[in-house]
A.B. asks: 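I have a structure I would like to understand better, so I am pasting it below and will then ask my questions one at a time.
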Amino acid sequence: MTKSYHIAIVGATGAVGIELLRVLERRSFPVASLRAIGSARSAGKSVRFRDDSIPVEELGDGSFKKIDIAFFSAGGEISGKYVPVACQAEAIAIDNSSVFRMEPHVPLVIPEINSEDVRDHRGLIANPNCTTAIALMAIYPLHRAFGVRGVFAASYQAVSGSGARAIDELREQVKNALQDRQLTAQVYPHPIAFNLLPHVDSFLESGYTKEEMKMQNEGRKIMHLPEFRASVTCVRVPVYRAHSVAISAQFERPVSVERAREVLAKTPGLELVDEPENNRYPMPITVAEKDNCQVGRVRVDCAFENGLSFWVSGDQLLKGAALNAVQIAELL
Ligand SMILES: NC(=O)c1ccc[n+]([C@@H]2O[C@H](COP(=O)([O-])OP(=O)(O)OC[C@H]3O[C@@H](n4cnc5c(N)ncnc54)[C@H](OP(=O)(O)O)[C@@H]3O)[C@@H](O)[C@H]2O)c1
């Protein structure tokens, strides 16, 4: 008989939390009981899981009693404070925030790349940054074929990456813009409707943002490649769901488009959509709500030696968050 698990979701009412509920249900994860946890603001609300309506409980020190696996998707501050509480209660925590990702004893896992790292966990496993996860789904198989040195990349990140409030903000701004009304911005420093913001996360002294450095830092840890370099510009775009990344990668060994396509087409979790002559390439609208990421526009880079350029799209609420977290739980 399959063992079933007592599950808690911290942040069950948020953009990632709602997807976690759906993914657990869709993949028939063996759930014995489910505790949906939010802030005091969610008191009286409920979420749906299978055919049940589950009341949302307020997060507290007793939230993890008799819980086997706790998913955290309520921001870094909450994870920083309550992941240790969950571990103390002997739950295994799977954390979507960035606070523990670079701690040496915390595995940072994309199951298609470094599933074996899960074995070293001490009660906590971190889920990678969403843009990094989607980009590495294509970079890693190419690395295995040609040996990656580094990448130059620009991301096109959907507003749902900033949570439920940002989705509402774009919706509201689009409505107001079409009626020639003033646009007010609350989540972002500027209106996002009909605009692009070359600004995701806070700026560092180097001029890069924190988000931009995650591809290099987390990429090194996940691929076990301490020399990997990534120069990234992260851009927020007025797309509701699914991130895309334009990548130019440099390799140690000579590359060919034919071999690259062959390798990418065989990668689990990734689909090769590369028929430019038929206008077929990955797009946010074709990957939204899909588990698989897509890669296309594969070409020999004309600026670098041993370089390939390509374009990846993926649903960041799934592969960049909820799906990857549930895949980690499945490994456990
Ligand atoms: N969105 C993405 O694509 C994505 C991808 C990868 C990782 N992440 C990470 O996942 C986390 C959640 O992101 P999100 O996009 O789902 O955000 P969100 O839509 O804003 O949801 C935030 C969730 O956290 C809960 N929460 C906030 N303050 C809380 C408190 N004091 N106590 C208990 N619960 C509290 C909220 O509950 P209430 O409804 O009660 O306020 C809500 O359920 C963040 O760490 C984010 O960095 C997000």
Side-chain angles (χ1 to χ4, degrees), residues 8-23 35-47 54-64 70-83 85-86 93-101 108-110 125-136 155-171 186-188 200-202 209-211 214-215 218 234 236-237 239-245 284 287-289 293 313-328:
I9 299 182
V10 182
T13 52
V16 173
I18 288 167
E19 290 305 324
L20 274 165
L21 290 160
R22 288 187 187 146
V23 174
R35 197 171 287 165
I37 301 168
S39 71
R41 288 180 293 274
S42 292
K45 286 191 192 163
S46 58
V47 293
I54 310 224
V56 182
E57 299 171 24
E58 187 180 346
L59 178 63
D61 287 344
S63 293
F64 305 99
F71 293 97
F72 279 82
S73 66
E77 214 174 294
I78 297 293
S79 289
K81 186 163 170 207
Y82 284 96
V83 163
V85 176
I94 300 176
D95 184 27
N96 273 297
S97 84
S98 59
V99 278
F100 299 107
R101 284 181 194 150
L108 177 64
V109 175
I110 297 177
I125 299 145
N127 219 28
N129 166 260
C130 46
T131 308
T132 301
I134 289 162
L136 291 186
S155 71
Y156 299 68
Q157 299 186 213
V159 293
S160 51
S162 315
R165 278 179 62 227
I167 304 173
D168 294 340
E169 179 151 312
L170 174 58
R171 209 168 268 145
Q186 282 173 339
V187 176
Y188 302 117
V200 179
D201 209 336
S202 46
T209 65
K210 278 190 185 167
E211 179 89 351
K214 287 172 187 169
M215 198 177 301
E218 296 183 22
C234 286
R236 187 73 62 189
V237 300
V239 163
Y240 285 111
R241 187 159 171 159
H243 290 358
S244 301
V245 195
V287 293
E289 299 186 41
C293 297
S313 298
D315 187 323
Q316 92 294 340
L317 287 171
L318 291 175
K319 190 59 201 166
L323 171 67
N324 200 74
V326 173
Q327 286 176 308
I328 291 172

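Order of listing sets the numbers, starting from 1, for every ligand and every atom in it.
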A.B. asks: Flag the pair R241 and E19 as a salt bridge only when some basic side-chain nitrogen lies within less than 4.0 angstrom of an acidic carboxylate oxygen.
C.D. replies: yes
A.B. asks: Under the side chain to side chain contact (heavy atoms under 4.5 Å, CB included) rule, what do E169 and Q186 come out as? Steps first, then yes or no, please.
C.D. replies: CA-CA 8 Å; E169 179 151 312; Q186 282 173 339; 3.4 Å; yes
A.B. asks: Between D95 and I125, is any pair of side-chain heavy atoms under 4.5 Å apart?
C.D. replies: no
A.B. asks: Minimum heavy-atom separation for T132 to E218, with atom names?
C.D. replies: CG2-CB, 4.0 Å
A.B. asks: Sort out the contact shell of ligand 1: every protein residue with a heavy-atom distance below 4.0 Å, listed by chain and number.
C.D. replies: G11, A12, T13, G14, A15, V16, G38, S39, R41, S42, L59, S73, A74, G75, I78, N96, S97, C130, S160, G161, G163, A164, Q316, L317, G320, A321
A.B. asks: Do R35 and F64 meet the cation-pi criteria used here (NZ or CZ under 6.0 Å from the six-membered ring centre, within 45° of the axis)?
C.D. replies: no
A.B. asks: Taking the side chain as every heavy atom from C-beta outward, state whether I18 and V47 have any atom pair closer than 4.5 Å.
C.D. replies: no
